[in-house]
Amino acid sequence: MIRGARLHMLDIQQLRSNLQNIITRLAQRGYDFPVADFESLESQRKSVQTLTQTLQAKRNSASKQIGIARQRGEDVSLIMAEVANMGDELKQAENQLEAVQTRLQQLLLEIPNLPHDSVPAGKDENDNLEMRRWGTPKTFDFPVQDHASIGEHLKLIDFETAAKLSGARFSLLKGGLARLHRALAQFMLDTHTQENGYNEIYVPYLVNADCLRGTGQLPKFEQDLFAVRSGAQEEADNPDKTGPAGLHLIPTAEVPLTNIVRNTIVPLENLPLQFVAHTPCFRSEAGSYGRDTRGLIRQHQFDKVELVQITHPEKSHEALESLVGHAEKILQKLELPYRVMLLCTGDMGFSAAKTYDIEVWLPAQQAYREISSCSNCEAFQARRMQARFRKGQEKPELLHTLNGSGLAVGRTLVAILENYQNEDGSITIPEILRAYMGGIERIGL
RNA sequence: GGAGAGAUGGCCGAGUGGUCGAAGGCGCUCCCCUGCUAAGGGAGUAUAGGCUCAAAAAGCUUAUCGAGGGUUCGAAUCCCUCUCUCUCCGCCA
């Protein structure tokens, strides 16, 4: 049997009828569309599929006739002989179709999303557009320390022990900083659930391959993930298998949160869905050797409060603006200066049609550093996930999905350490967090 | 971990090899009827593909009864593997 439904990242109809346009738009984000491969596979697919279906139709009608004749008690040996010969031809056609479809599928699953019209064309982060700034970087009348030094002097960040336990790019927080880290996550969750209308969700931290394909991490970015297997298994042999085999640690809660609507038809009146979850995130950081090796900026494991919205396609771009606002609100309440960047075509992630990064001011680096990334994936993930909505009796339509950090907890901790540092090496607790810290105002030696 | 029972359309539920994409019911949509209400009658009611077509409409066609594979001219139905759910026992935070 051949599966009829195939998942693609871009609208396959669009791809067939509007190929040149799509190639041009993908080129803007630096993607070289494999035209020759695609066209050859498409033409193969067309002829093989037509052949296969014709043979199937023949077989079906012959089988039906056999059934009818049998019931009448007629002799069926003649038709039987005729159909029997078809078997091999059909099987061969089906196998061929399967092979072509698989190759086509592989190709299609690796094509990134199309940039939205409002996204500036550009090559890398230097072409991103600054939208706005909030807050003024504080001037210090003493030499500022970076967060790693501050934490180590306080003896509340212990990288050595973390390395002993797990290796490089892990960290261990103690005492007041561990509590501050927890307070931050609580504060973020409370803000998003109580003020921004999000529904708090607790999610699995291990997900199957379908989820990762749905949000776009697979098949292309396997190397960025951690795969796990249970001790009872020899190997995670078949990544496609559901169940304990082939599970991966989530690189972000976007994966489980967005996949909540995989293979579902959401009633129109339930839209938009707004989910928030606080989870650890696990990333292999392959290919980032030497970058941000010091401190908490780039870790294999970090906590994040993630926002996900599932919206009507006509509402997604205004939803993106509000989602960015929700993330910004956290920084405002923490009184941390930041700027909002609109990413250019070349700097966006695989699944995104449009992305805003929020960058927080880090005094020790004298620079703004990413603390949140908010993306509208439009129908890209929804198509991979078959996430749809239905209006009345009309046909189901693909939803739009959005996600954003609200915020990365570890990096927020970094920002607080650096922006709220005092000359004596202590940290002032931001006003808004004191309720979560038992009222204390300062963390010091 | 052991024993057993299951998985069918929006829902319930029939279907153990043949005109089955699937009876029946509920729900829903449209229409008719009845002065309102209630009741009644009729029609319709899955999804994703492909082909024909400039396109639309329409037509033809394929696939899908938890998933994957197998047997067969033909599979919801038979066989194998897996997943999930439920019940009982054991174990466990």
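Just so it is clear: chains get the letters A, B, ... in the order the sequence lines come, proteins before strands, and each one is counted from 1.
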Residue whose nearest RNA chain B nucleotide is more 5′ - Lys91(A) or Arg390(A) = Arg390(A)
For RNA chain B, whose closest nucleotide is more 5', that of Arg72(A) or that of Arg388(A)?
-> Arg72(A)
Please list each protein N or O that sits under 3.5 Å from an N or O in nucleotides 28-30 of chain B, with the distance.
unit_1	atom_1	unit_2	atom_2	d
C28(B)	O2'	Gln393(A)	NE2	3.1

Using the P atom as the reference point in each nucleotide, state the distance between A14(B) and U8(B) in Å, no decimals.
-> 11 Å
Atom pair CG (Leu212(A)) and CG (Leu218(A)), whose distance is rounded to the nearest 0.5 Å | 4.5 Å
Taken to the nearest 0.5 Å, the spacing of Leu97(A) CG from Leu55(A) CG works out to 11.0 Å
Considering only side-chain heavy atoms of [X], which listed nucleotide, [options], is closest?
X         : options                : value
Asn60(A)  : U62(B), C51(B), A48(B) : U62(B)
Gln56(A)  : A63(B), C51(B), G18(B) : A63(B)
Lys46(A)  : U19(B), G49(B), U52(B) : U52(B)
Arg70(A)  : C73(B), G49(B), U61(B) : C73(B)
Lys64(A)  : A63(B), G49(B), G21(B) : G21(B)
Gln386(A) : A48(B), C73(B), U19(B) : A48(B)
Pro396(A) : C73(B), U61(B), U47(B) : U47(B)

Pairwise side-chain contact, Glu110(A) with Pro219(A), heavy-atom cut-off 4.5 Å (strictly under) = yes
Pair pattern of RNA chain B in dot-bracket, where unpaired bases get dots and | marks partners in another strand, Watson-Crick or G-U under 3.5 angstrom | ((((((((.[[[..)..(.....]]]((((((.......))))))(((((((.....))))))).[[[[[..)....]]]]])))))))....
Between atom [atom1] in [X] and atom [atom2] in [N], what is the gap in whole Å?
X         : N      : atom1 : atom2 : result
Glu98(A)  : G70(B) : CD    : P     : 10 Å
Arg262(A) : C84(B) : CZ    : P     : 14 Å
Leu268(A) : G10(B) : CG    : C1'   : 16 Å
Lys58(A)  : U61(B) : NZ    : P     : 15 Å

Parallel, tilted or perpendicular for Phe170(A) and His300(A), by the 30°/60° rule?
-> tilted
N/O donor to acceptor pairs below 3.5 angstrom from side-chain atoms of residues 371-379 of chain A, sequence neighbours left out:
unit_1	atom_1	unit_2	atom_2	d
Ser372(A)	OG	Ser405(A)	O	2.7
Ser373(A)	OG	Asp357(A)	OD1	2.8
Ser375(A)	OG	Thr355(A)	OG1	2.8
Asn376(A)	OD1	Glu378(A)	N	2.8
Asn376(A)	ND2	Ser316(A)	OG	2.9
Asn376(A)	ND2	His317(A)	NE2	3.3
Glu378(A)	OE2	His317(A)	NE2	2.7

Determine whether any donor atom in the side chain of Gln53(A) lies under 3.5 Å from an acceptor atom in the base of G49(B), or the reverse, and answer yes or no.
-> yes
Would Arg291(A) and Glu285(A) count as a side-chain contact (heavy atoms from CB on, under 4.5 Å) if you check the C-alpha gap in whole Å, the side-chain angles of each, and the deciding distance to 0.1 Å?
-> CA-CA 10 Å; Arg291(A) 287 177 62 197; Glu285(A) 294 298 341; over 6 Å; no
Validation row, ring centre Phe380(A) to ring centre Phe350(A) under 6.0 Å | yes
Walk me through it: do Glu254(A) and Thr215(A) pass the test side chain to side chain donor-acceptor pair (under 3.5 Å)?
-> CA-CA 8 Å; Glu254(A) 167 198 344; Thr215(A) 35; 5.1 Å; no
